[in-house]
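Here is the structure we will look at.
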Number of protein chains: 2
Amino acid sequence: MLSKKTKYGLKALTYLARAEGKEPVQIAEIAKHENISQKFLESILLTLRRNGFLGSKKGKGGGYYLIKEPKEIHMTTVMRVLEGPIAMVPCVSLNFYEKCDDCPDEDSCSVHKLMLQVRDSALEVYRNNTLADLL
Amino acid sequence: MLSKKTKYGLKALTYLARAEGKEPVQIAEIAKHENISQKFLESILLTLRRNGFLGSKKGKGGGYYLIKEPKEIHMTTVMRVLEGPIAMVPCVSLNFYEKCDDCPDEDSCSVHKLMLQVRDSALEVYRNNTLADLL
DNA sequence: TATTATCCTATCATTTTACTAGGGTTTTCA
DNA sequence: TGAAAACCCTAGTAAAATGATAGGATAATA
């Protein structure tokens with residue numbers, strides 16, 4: 001299941017992309033429009049800022065804004081930051097690889113075989129989508 | 001993340017497929033070979049039996065066995081039984097559809113748009129794989 | 001009838017998730 | 001200059017899911 005964190009993060013990014021070129025957008029405004037708990041959204045926007053997706057401005061008239069063009073924001077990176085590994089098992093993860101404790105041989109493991117395909121198909125989707133594609 | 005339940009279930013099915021044609025296989029044997037907690041595996045095999053994948057025999061010489069040919073066991077059904085919905089959000093689920101509380105309009109929802117593609121790509125993989133393909 | 005092995009329910013510890021609390025800090029603007 | 005606006009940051013917490021265990025009931029076999 002997609003976590004709410006990721007879901008809300010994607011919605012916030014979309015909202016900001018639609019408001020692009022204008023003034024910074026306040027957390028409260030996004031939270032209200034997208035029906036998200038404001039405090040929770042605050043923490044999500046914070047991680048998006050720390051990971052280079054958003055800029056922010058403090059004080060009155062402040063808020064958040066995209067620091068890249070929507071077409072430069074790839075879903076692979078968004079998903080990895082918000083949701084974590086794209087692979088469903090660590091032993092097929094490109095960026096978070098880990099060997100299974102139990103499994104002695106990956107090559108003969110049926111789970112490995114299947115999840116490799118699932119990972120590749122998900123990656124293809126994420127690679128083919130930027131924020132601009134979701135507007 | 002793939003749950004251990006699904007992972008172990010897949011491994012058990014694979015094990016049984018490789019032992020096909022022979023006598024029923026005992027839980028203990030599968031648990032040992034695949035490094036799975038026996039009691040946990042017991043409950044998994046039980047749900048696989050209840051969902052029509054396995055047959056069982058009690059008493060001495062008993063155990064579990066496949067009741068279909070490996071090539072008749074599709075990953076879509078296995079995944080749905082063990083892991084639940086294939087979709088990452090209920091609003092794009094074919095078999096477990098649910099409307100989102102927050103989202104007023106699915107057609108304009110960026111999350112919906114993206115997750116629809118992810119679901120389709122995962123489905124394609126699962127549809128193209130039977131248990132026989134994983135051996 | 002003793003042994004083997006599945007069947008079944010309940011419980012439990014751990015982890016993750018989704019969220020809340022409660023301030024601190026910076027900027028703006030009257 | 002000072003009050004209000006808005007982001008910054010850490011910590012905590014309730015609920016749910018997960019992974020596993022306990023303990024016996026039932027059925028088949030020899």
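All values reported here derive from a predicted model rather than from experimental measurement. Basis for what follows: all heavy atoms, side chains included, without hydrogens, waters or symmetry-related copies. The sequence lines fix the lettering, A, B, ..., with proteins before strands; numbering per chain opens at 1.
For D:dA20, the OP1/OP2 oxygens have a side-chain nitrogen or oxygen of B:Tyr8 closer than 4.0 Å. Not one side-chain nitrogen or oxygen of B:Arg50 sits closer than 4.0 Å to the OP1 or OP2 atom of C:dT6. The side chain of A:Ser56 contributes an N or O atom lying less than 4.0 Å from OP1 or OP2 of D:dC8. One finds no side-chain N or O of A:Lys58 lying less than 4.0 angstrom from the OP1 or OP2 phosphate oxygen of C:dG24. Using a 4.0 Å cut-off, no side-chain N or O of B:Arg49 falls inside it from OP1 or OP2 of C:dT6. Not one side-chain nitrogen or oxygen of A:Ser37 sits closer than 4.0 Å to the OP1 or OP2 atom of C:dA18. Considering only side-chain N and O atoms, A:Tyr64 lies under 4.0 angstrom from the phosphate OP1 or OP2 of D:dC8.
Distance alone, capped at 3.5 Å, is enough to place a donor-acceptor pair between the A:Lys99 side chain and the A:Cys103 backbone.
Checked for salt-bridge contact, B:Lys32 and B:Glu29 miss the test: no charged N lies under 4.0 Å from a carboxylate O.
Residue A:Val125 comes nearest to A:Asn129 through the heavy atom pair O-ND2, 2.9 Å, listed as atom of the first residue, atom of the second, then distance.
The A:Phe40 side chain lies nearest to C:dT20 when the options are C:dC8, D:dG19, C:dT20. Of the candidates D:dT26, C:dC19, C:dC8, the closest approach to any side-chain atom of B:Leu46 belongs to C:dC8.
Between the base of D:dG19 and the side chain of B:Lys39 there is no donor-acceptor pair shorter than 3.5 Å. Donor-acceptor pairing under 3.5 Å, judged by distance alone, is present between the side chain of A:Glu42 and the base of D:dC8.
Both B:Gly59 and A:Lys5 lie close to DNA chain C; mapped to their nearest nucleotides by heavy-atom distance, the more 5′-ward contact belongs to B:Gly59.
One interatomic measurement links the two molecules: CD1 of A:Ile27 to C1' of C:dT27, which rounds to 15 Å at whole-angstrom precision. Rounded to whole angstrom, the span from the CD1 atom of B:Ile44 across to the C1' atom of C:dC8 amounts to 16 Å.
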